[in-house]
Trainee: 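This is the structure I want to talk about, given as structure tokens.
Remember, it's 1-based here, ligands and their atoms both numbered in the order they're listed. All values derive from a computational prediction rather than experimental measurement.
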Amino acid sequence: MNDDMSESSEYIHGSSPEEQHRLSLLNDILNESCLKELNLQPGENVLDVGSGLGQFTRLIARTVGSERQVVGIERDRDQMLQAKRLADSSGESELVEFRKGDALELPLSEPELGTFDVAHARFLLEHVPRPSLVIAQMVRSVRPGGRVFVTDDDHGNFRPWPEPQGFQALWQAYVRSYDRLGSDPYVGRRLVSLLRGAGLTSIRNSCVFFGGCAGNEVFQAVADNLIAALAGTKDAILNGELLDEESFDSGIDGLQQWKANSSAALWYSACCAEGIVPN
Ligand SMILES: C[S@@+](CC[C@H](N)C(=O)[O-])C[C@H]1O[C@@H](n2cnc3c(N)ncnc32)[C@H](O)[C@@H]1O
């Protein structure tokens, strides 16, 4: 990862080419369903915090309509540069302004504060030690009556079946690698209380299905995303002595076998919540 991490947490997945491939896959699988939940209106100004490779940020921008109404904030320089390259190669470099910055101290000018119609963050809060500080920054960026919308993981929701060999040990080690970084692998269930704690009103919640079963069009992609996310944390898990290498590799083999099973199913949903900034 190419960044100074002193002011906030480490991002467990990093920004290697393999990880960027996984993030793109995740976007392919989820973006249309997430867009529906976000329920954007034409002309809205949107701030996307932790914008990653920017695929969803550009989809947001295409949906609201006119150019430069959408700003993506990303802390990792490699992710941000790749987001700009992807936007260029799609002929969409004018669509979104990508800025480098930290969600804990959003790089917004004084006149920009309190002007966005929507502040959005997807799969960011699980990577920061104090998600309430990120929500507070998002609230400051939105106009009275505007919306803060967050989508995040809750690793307690996750159920592959039939259970892959070695999965429990691998999953527990993966979840504990979040604790080690000081972030919350179960933040999804806290989204409503985080929004309520920030003083937002008219809160609603929902979820986006992120599973599938053998024979479905998206199943291989969903399973590959899971395996890649786990495989990418091997060093963190081994260095943290959360699992030995043999058990780690056997857990990954178990998932590969599960992926080929004609009865395989993955039950998982990402958590979404929205609140309105009071007038
Ligand atoms: C799992 S990715 C999700 C990217 C994008 N939101 C999406 O859904 O495709 C999380 C992103 O948040 C970025 N990130 C992590 N901590 C951050 C922070 N404190 N401020 C800004 N970005 C951060 C990471 O570099 C990474 O690109």
Side-chain angles (χ1 to χ4, degrees), residues 1-35 37-38 46-61 70-87 96 98-108 118-138 140-141 148-155 174 177-178 181-185 187-188 191 208 210 221 225-226 228-230 232-233 236 268 270-272:
M1 178 167 188
N2 181 8
D3 200 10
D4 53 332
M5 246 101 74
S6 49
E7 70 270 80
S8 66
S9 64
E10 189 175 341
Y11 173 52
I12 192 171
H13 297 301
S15 55
S16 64
E18 295 77 20
E19 167 54 19
Q20 292 192 334
H21 176 71
R22 185 190 73 82
L23 195 50
S24 294
L25 194 62
L26 178 152
N27 272 269
D28 293 344
I29 302 166
L30 281 179
N31 282 359
E32 286 302 329
S33 322
C34 286
L35 187 69
E37 288 300 321
L38 190 49
V46 185
L47 182 69
D48 188 26
V49 185
S51 47
L53 300 179
Q55 290 106 327
F56 192 53
T57 326
R58 282 188 285 125
L59 179 57
I60 289 173
V70 177
V71 176
I73 308 286
E74 170 56 48
R75 188 183 64 175
D76 186 286
R77 188 174 288 108
D78 292 341
Q79 300 282 72
M80 196 197 61
L81 291 176
Q82 181 63 1
K84 287 185 172 176
R85 277 193 287 271
L86 291 172
V96 174
F98 290 107
R99 288 187 200 168
K100 185 173 181 310
D102 197 316
L104 295 172
E105 201 177 343
L106 287 173
L108 299 176
V118 182
H120 167 265
R122 187 175 73 175
F123 302 134
L124 170 67
L125 301 179
E126 64 185 301
H127 299 298
V128 296
R130 294 180 61 194
S132 59
L133 300 182
V134 173
I135 302 281
Q137 289 279 309
M138 293 170 79
R140 282 181 80 220
S141 72
V148 172
F149 190 103
V150 283
T151 297
D152 230 297
D153 278 316
D154 187 315
H155 290 80
Y174 177 66
S177 68
Y178 275 72
L181 294 174
S183 50
D184 182 1
V187 74
L191 295 182
V208 169
F210 194 6
N225 175 62
L226 165 64
L230 288 163
T233 55
Y268 185 59
C271 305
C272 307

Trainee: Below 4.0 Å from any atom of ligand 1, is there a heavy atom belonging to Ala121?
Mentor: no

Trainee: Is the backbone of Glu126 close enough, under 3.5 Å, to the side chain of Asp184 for a donor and an acceptor to pair up by distance?
Mentor: no

Trainee: Below 4.0 Å, non-hydrogen atoms only: which portion of Asn27 touches ligand 1? Side chain, backbone, both or neither.
Mentor: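 Just the side chain.
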
Trainee: Output yes when the distance from some N or O of ligand 1 to some N or O of Gln79 is under 3.5 Å, and no in every other case.
Mentor: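 Yes; at least one N/O pair falls below 3.5 Å.
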
Trainee: Could you list the residues that satisfy ring-ring contact (aromatic ring centres under 6.0 Å, His included) with Phe56, not counting sequence neighbours?
Mentor: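 Only His120 meet the ring-ring contact (aromatic ring centres under 6.0 Å, His included) criterion with Phe56.
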
Trainee: Could you list the atoms of ligand 1 found under 4.0 angstrom from a heavy atom of Gly52?
Mentor: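 Once the distances to Gly52 are compared, the set is 4 (C), 27 (O).
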
Trainee: Would you say ligand 1 has an N or O under 3.5 Å from any N or O of Gly50?
Mentor: yes

Trainee: Just distances here: any N/O of Asp102 and N/O of ligand 1 closer than 3.5 Å?
Mentor: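 Yes: some nitrogen or oxygen of Asp102 is under 3.5 Å from one in ligand 1.
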
Trainee: Just jot down the ligand 1 atoms closer than 4.0 angstrom to any heavy atom of Asp76, in number order.
Mentor: 25 (O)

Trainee: Indicate yes or no: does an N/O atom of Leu104 lie under 3.5 Å from an N/O atom of ligand 1?
Mentor: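 No: no nitrogen or oxygen of Leu104 is under 3.5 Å from one in ligand 1.
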
Trainee: Among Val118, Leu47, Val148, Leu133, which residue meets the side chain to side chain contact (heavy atoms under 4.5 Å, CB included) test with Met138?
Mentor: Val148

Trainee: Quick one: which ligand 1 atoms are inside 4.0 Å of a heavy atom on Glu74?
Mentor: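 Numbered from 1, ligand 1 contributes 11 (C), 12 (O), 13 (C), 24 (C), 25 (O), 26 (C), 27 (O).
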
Trainee: Does the Asp76 side chain pair with the main chain of Asp78, one donor and one acceptor, at a distance under 3.5 Å?
Mentor: yes

Trainee: For the residue pair Gln82 and Leu53, what are the closest heavy atoms and their distance?
Mentor: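 The answer is CG-CD2, 3.7 Å.
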
Trainee: Examine the proximity of ligand 1 to Leu124 and report which part, side chain or backbone, both or neither, has a heavy atom under 4.0 Å away.
Mentor: side chain

Trainee: Heavy atoms only: give me the nearest Arg122-Cys34 pair and the separation to one decimal.
Mentor: NH1-SG, 3.5 Å

Trainee: Give the C-alpha distance, both sets of side-chain angles, the deciding distance and a yes or no for side-chain contact (heavy atoms from CB on, under 4.5 Å) between Asn225 and Phe210.
Mentor: CA-CA 10 Å; Asn225 175 62; Phe210 194 6; 3.4 Å; yes

